Novice: 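One structure, pasted below without further comment.
Quick caveat: nothing in here was measured; it's all calculated off a predicted structure. Protein chains get the first letters and strands the later ones, always in sequence-line order, with residue 1 at the start of each.
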Number of protein chains: 2
Amino acid sequence: MEKIDLREKVLDAAEKLYYAKGFTAVGMDELRATAGVSLKRIYALFPAKTDIIAAVLQRKHNEWESSLHRAVLEAGTDAHARLLAVYNLLEQWFCSEEFRGCAFINAFGELGGTNPEVARIVKEHKADFQMQMAKFAKESGLSSELAYQLSLLAEGAQTTAAISADPQAAIQARAAAEVLIAASLRS
Amino acid sequence: MEKIDLREKVLDAAEKLYYAKGFTAVGMDELRATAGVSLKRIYALFPAKTDIIAAVLQRKHNEWESSLHRAVLEAGTDAHARLLAVYNLLEQWFCSEEFRGCAFINAFGELGGTNPEVARIVKEHKADFQMQMAKFAKESGLSSELAYQLSLLAEGAQTTAAISADPQAAIQARAAAEVLIAASLRS
DNA sequence: GACCTCCGAGAACGGTCGTTCTCGGCTCTG
DNA sequence: CAGAGCCGAGAACGACCGTTCTCGGAGGTC
């Protein structure tokens, strides 16, 4: 087994466990059992648990970024459709069985107050998302204020869908987004 | 010292510490030191740490509910102003030094996956908020869909303001809310 | 003063955490 | 086969957790 594969195995298990139960609630032994990788190997790959958490978040950030890009690309060239693609992506995500909110928001709540690196990664992730939305808006000739408001809707949908266990949040967010975009085009 | 005062002292300290650092990160000894109440007394008031957490959330829920009511009352009778009052309340909150997001969202992320009681309290809190918004909307002759969308904006503003450390989220949320309300009145 | 009750400070307890170490068996090389 | 290196399983370690217990002093009553 390659070193890189082992790393992925550990991160796969860590991502799943941390997301489902929270970070502190998952011990290294549970991670070892789920990943099927010995403690010795894990600590050869990562200096400490904190570094695994950071690596999980970094990988999740990259995955989110690329699936957002893909969703927008697949939405074609229509200004409306491109900006609304994010809400379709959210709806799909909200419907998955394991959905339990945004891992970054969860990480910020649990660790942001005591772990500055986690706080930084989460902040960068959300800043990146806002920048992407601003870019998509700009490409359609729409304002960055609108983009920011659309991202607020997306964030709100994530927490609401998680806590209320209700994927409808995505649909309502999209409906609101449509109104905001239409109003922005009119002005 | 009355029993009820001691209870409040413990909950005051717990609320502050849990909010700033997360729930698991704060031990009972730190709580004892900050509250100035001995462990013996704390365990006479609460069976276990879990119950303190639940009590903190319940109290926070009541406080939020009453300050929301107050904010809406003070906004007068204008339909716009009443619905927008919540965003002014949020802005005020976001500007406080210790602001670190919505305690319920944080609790859900950290404990929701393993502690069903916490998950329930958080869910009820958010359902209650949505109901309040729906009630305010109805009183102004506006739809419950609009109310739901306004609550999505409020939720998104809370996480965004916390993570990006940017109180502007409240202002943008309010601006978006104004557009949504205007569009709803027009139709 | 003698006795009782109360309570805070802090030790004690059992358990779990993150991290490291030991041991015994496996595989490869010559 | 002999020897050496490697690695997984799990023990070991020190720290800290939530919770309970002990001890000794403070204060009230006769």
Novice: What residues form a side chain to side chain donor-acceptor pair (under 3.5 Å) with A/E124, not counting sequence neighbours?
Specialist: A/R120
Novice: What pairs with B/K126 under salt bridge (Lys or Arg N to Asp or Glu O under 4.0 Å), at least two apart in sequence or on another chain?
Specialist: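 Salt bridge (Lys or Arg N to Asp or Glu O under 4.0 Å) list for B/K126, sorted by chain: B/E155.
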Novice: If I take atom NZ in residue B/K21 and atom P in nucleotide D/dC16, what distance separates them, rounded to the nearest angstrom?
Specialist: 13 Å
Novice: Give me the ring orientation class for A/F23 and A/Y18: parallel if the planes are under 30° apart, tilted from 30 to 60°, perpendicular past 60°.
Specialist: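 Judged by the thresholds at 30° and 60°, the geometry between A/F23 and A/Y18 is tilted.
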Novice: Show the distances under 3.5 angstrom between N or O atoms of the protein and N or O atoms of nucleotides 26-28 of chain D.
Specialist:
none

Novice: Ion pair present between A/D12 and A/K9, side-chain N to carboxylate O less than 4.0 angstrom?
Specialist: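 Salt bridge between A/D12 and A/K9, a charged N being under 4.0 Å from a carboxylate O: no.
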Novice: Name every residue in residues 111-118 of chain A that has at least one heavy atom under 4.0 Å from any atom of DNA chain C, in order of residue number, or write none if there are no such residues.
Specialist: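 DNA chain C contact set from residues 111-118 of chain A: none.
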Novice: Rounded to whole Å, please give me the gap between CD1 in B/I42 and C1' in C/dA9.
Specialist: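 Distance check: B/I42 CD1 to C/dA9 C1' gives 13 Å.
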Novice: With distance as the sole test, does A/N62 use its side chain to make a donor-acceptor pair with the main-chain N or O of A/R59 at under 3.5 Å?
Specialist: no
Novice: Which atoms of nucleotides 18-27 of chain C (N or O only) lie under 3.5 Å from a protein N or O atom, and what are those distances?
Specialist:
unit_1, atom_1, unit_2, atom_2, d
C/dG18, OP1, A/K49, NZ, 2.4
C/dG18, OP2, A/M28, N, 2.7
C/dT19, OP2, A/Y43, OH, 2.6
C/dT19, OP2, A/K49, N, 2.9
C/dT19, O5', A/Y43, OH, 3.3

Novice: In terms of relative ring orientation, are B/F99 and B/F94 parallel, tilted or perpendicular, with 30° and 60° separating the classes?
Specialist: tilted
Novice: Applying side chain to side chain contact (heavy atoms under 4.5 Å, CB included), name anything that partners B/Q92, two or more places apart in sequence or on another chain.
Specialist: none
Novice: Examine A/R100 relative to B/F108 and say whether NZ or CZ is less than 6.0 Å from the centre of the six-membered ring and inside a 45° cone about the ring axis.
Specialist: yes
Novice: Are the side chain of A/Y19 and the backbone N or O of A/G101 linked by a donor-acceptor pair below 3.5 Å?
Specialist: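 Such a contact is found between A/Y19 side chain and A/G101 backbone.
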Novice: Identify the two heavy atoms, one from A/Q130 and one from B/S164, that lie closest to each other, and give their separation to 0.1 Å.
Specialist: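 For A/Q130 and B/S164, the tightest heavy-atom pair comes out as NE2-OG, 3.7 Å.
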